[in-house]
Amino acid sequence: MTAYTATVTVRLKQGVLDPEAETTKKALQRLGFELESLRSADRFELDLDAESADAAAERADEMAERLLANPTIHDYEVEVESRE
């Protein structure tokens with residue numbers, strides 16, 4: 001078994017209302033920052049042991065599907081790095 005860190009980034013799908021991002025965008029604009037759009041995201045870092053990076057990614061994907069993200073309103077991506 002090898003130690004891995006899987007990072008799962010969860011975002012609302014395009015078209016889903018994101019009040020946190022909208023409030024932050026307005027505050028940034030009041031501070032003089034120009035931006036076209038802003039989306040909020042949650043990031044989860046999972047430390048786990050697995051046989052391979054692919055196996056670690058599969059486990060993290062299952063965690064995202066079952067709990068970390070709601071597939072109806074969220075998109076997510078999984079990145080895996082080896083921990084030494």
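Note that the structure is a prediction, hence the values are computed from the model and not measured. Heavy-atom basis, side chains included; hydrogens, waters and symmetry copies ignored.
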Undergrad: Can you measure from OG1 (T7) to CD (E79) and round to the nearest 0.5 angstrom?
TA: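 Interatomic distance, T7 OG1 to E79 CD, rounded to 0.5 Å: 6.0 Å.
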Undergrad: Can you confirm whether R66 is buried at CZ, in the sense that more than 12 heavy atoms of other residues, nucleotides or ligands lie under 6.0 Å from that atom?
TA: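 Open.
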Undergrad: Got more than 12 heavy atoms from elsewhere within 6.0 Å of CD, E20?
TA: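 Check fails, neighbour count at 12 or below.
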Undergrad: Closest heavy-atom contact between A41 and T9?
TA: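 Distance-wise, the nearest heavy atoms are CB-CG2, 4.1 Å.
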Undergrad: Look at atom CD of E77 and say whether more than 12 heavy atoms of other residues, nucleotides or ligands are closer to it than 6.0 Å.
TA: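 Check passes, neighbour count above 12.
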Undergrad: What heavy-atom pair brings L68 and L46 nearest, and what distance separates the two atoms?
TA: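 Minimum heavy-atom separation between L68 and L46: CD1-CD1, 4.4 Å.
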Undergrad: So, R43 and E45, do they make that salt bridge, N to O below 4.0 Å?
TA: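 Judged by the 4.0 Å cut-off on N to carboxylate O distance, R43 and E45 do form a salt bridge.
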Undergrad: What about V8 and L12, same hydrophobic cluster or not, with Ile/Leu/Val/Met/Phe/Trp/Tyr joined at side-chain heavy-atom distances under 4.5 Å?
TA: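 Each belongs to a different hydrophobic cluster.
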Undergrad: Go through Y76 and E65 one step at a time and tell me if the side chain to side chain contact (heavy atoms under 4.5 Å, CB included) criterion holds.
TA: CA-CA 9 Å; Y76 68 89; E65 284 286 327; 2.7 Å; yes
Undergrad: Has K26 got a side-chain atom pairing as donor or acceptor with A21's backbone, closer than 3.5 angstrom?
TA: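 No, the answer is negative, given that no donor and acceptor are paired below the 3.5 Å cut-off.
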Undergrad: Does the side chain to side chain contact (heavy atoms under 4.5 Å, CB included) test come out yes or no for K13 and V16, once each step is laid out?
TA: CA-CA 6 Å; K13 290 184 176 186; V16 175; 4.1 Å; yes
Undergrad: Is there a side chain to side chain contact (heavy atoms under 4.5 Å, CB included) between L48 and R59? Walk through the geometry before answering.
TA: CA-CA 9 Å; L48 49 97; R59 286 184 54 204; 4.2 Å; yes
Undergrad: Between L28 and L35, is there a side-chain heavy-atom distance shorter than 4.5 Å?
TA: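 Sidechains of L28 and L35: in contact.
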Undergrad: Hey, mind stepping through T2 and S82 against side chain to side chain contact (heavy atoms under 4.5 Å, CB included) and telling me if it holds?
TA: CA-CA 7 Å; T2 304; S82 178; 4.0 Å; yes
Undergrad: Would the distance check show the side chain of D18 and the main-chain N or O of S40 forming a donor-acceptor pair, the cut-off being under 3.5 Å?
TA: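 Yes: the side chain of D18 pairs with the backbone of S40.
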Undergrad: Checking the side chain of Y4 only, and the main-chain atoms of D49 only, is there a donor and an acceptor separated by less than 3.5 Å?
TA: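 Not confirmed, Y4 side chain does not pair with D49 backbone.
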